[in-house]
There are 2 protein chains.
Amino acid sequence: MSKSKLPVTPVQACSAAPLAREPLTGEAAVELASVFRALSDPVRLRLLSAIASRTGQEACVCDLSEGIDVSQPTISHHLKVLREAGLLDSERRASWVYYRVVPEALQRLSDVLLVESGAAAGVNA
Amino acid sequence: MSKSKLPVTPVQACSAAPLAREPLTGEAAVELASVFRALSDPVRLRLLSAIASRTGQEACVCDLSEGIDVSQPTISHHLKVLREAGLLDSERRASWVYYRVVPEALQRLSDVLLVESGAAAGVNA
C-alpha cells in the first residue's frame, strides 16, 4: 500500500503550535494543510465520525458502509487517506480490518485551532 | 465578488456537534468539509496564523505579504476563501481592507475535533 499522490504528513509529526501563538512557518503550514485536506471530504468526515462515535472509538470496516452511499472500495480508499494522515489507526483481525481513532491526533488538531478569547475580546467589542 | 465555484458554508452555520458525539449526517458533513477545505491550503493557513498571532488578531491586507512568497492578488483570493468559510471577517478602512479572526468559528471547529480521552483510553491500553 504505497502512499497516494498527495504528500500526507501524519498529524503526529506536526509541530502543531496553535495558529495564534506565532505565524506558522512554510514547512509547518504544508504539514498541517495536508491533515486538514484529509478532513476536507464529506465521506471521510462521516467515516471518522462513525468510528469516533462508537463505543471504544473503533469499528470494523465491514460495518462502516451503513448509511453511507458509496462503494466498499471507495470507503477503503477514504479510510486509507485518514490513516495516512495519522487520524486513524488500523489493525487486521482474521478476515477484517478494524479502524480506530487516534485521539491524540484529533486533540492536537483541536489545540491548533484554539485562539485566546481574551485576545479576541478587544477585536469584537 | 461572486462566490467561488466551491460551495462554502460559513462555519457559523454548521451544527458543529463533536465528531465523536454521534455519526455526522450527510448534510452536516458537507458543511464541515467545506470549512476544512478552506484550511487545507498552506498559504491560507499561514495567512490565518499571521492574523491570529497579531495583537488584536487583526491585520491590514497590506501587511500580510511579509514572508509569504505569493502575489497580492493571490493573497486576496485566499483571504476571500477564509472569509467565505466564516473564519475571517473583513472591514474596509480608507484605502485598505483589514481582516480579523472570528474566534467563535475557530472555537467551534476546535470543539468538533474533541474526543473524550476516557472513551479512547480503553482502545489504547
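Letters go in sequence order (proteins before strands), and every chain restarts at 1. It should be emphasised that the depicted structure is a prediction, and the values quoted were computed from it without experimental measurement.
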Chain A heavy atoms under 4.5 Å from B:L39: which part of the residue, side chain, backbone, both or neither?
->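 Both the backbone and the side chain of B:L39 come within 4.5 Å of chain A.
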Check whether A:I75 and A:Y98 end up in the same hydrophobic cluster, where Ile, Leu, Val, Met, Phe, Trp and Tyr are linked by side-chain heavy atoms less than 4.5 Å apart.
-> yes
Establish whether A:V35 and A:L114 are linked, either directly or via other cluster members, by ILVMFWY side-chain heavy-atom contacts under 4.5 Å.
-> no
Could you check which of A:G67, A:P23, A:S53 has the highest count of heavy-atom pairs closer than 4.5 Å to chain B?
->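 Of the candidates given, the most pairs with chain B belong to A:S53.
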Options [options], ranked by heavy-atom pairs under 4.5 Å with chain A, top entry:
{"options": "B:P42, B:S49, B:A29", "answer": "B:S49"}
{"options": "B:L48, B:D69, B:D89, B:T25", "answer": "B:T25"}
{"options": "B:R44, B:E22, B:R46", "answer": "B:R46"}

Residues, nucleotides or ligands: over 12 heavy atoms within 6.0 Å of B:Q72 CD = yes
Using a cut-off of 6.0 Å, state whether more than 12 heavy atoms not belonging to A:E66 lie near its atom CD.
-> no
Quick one: CD on B:Q107 to OG on A:S110, what's the gap to the nearest 0.5 Å?
->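 Between B:Q107 CD and A:S110 OG, I get 8.0 Å after rounding to 0.5 Å.
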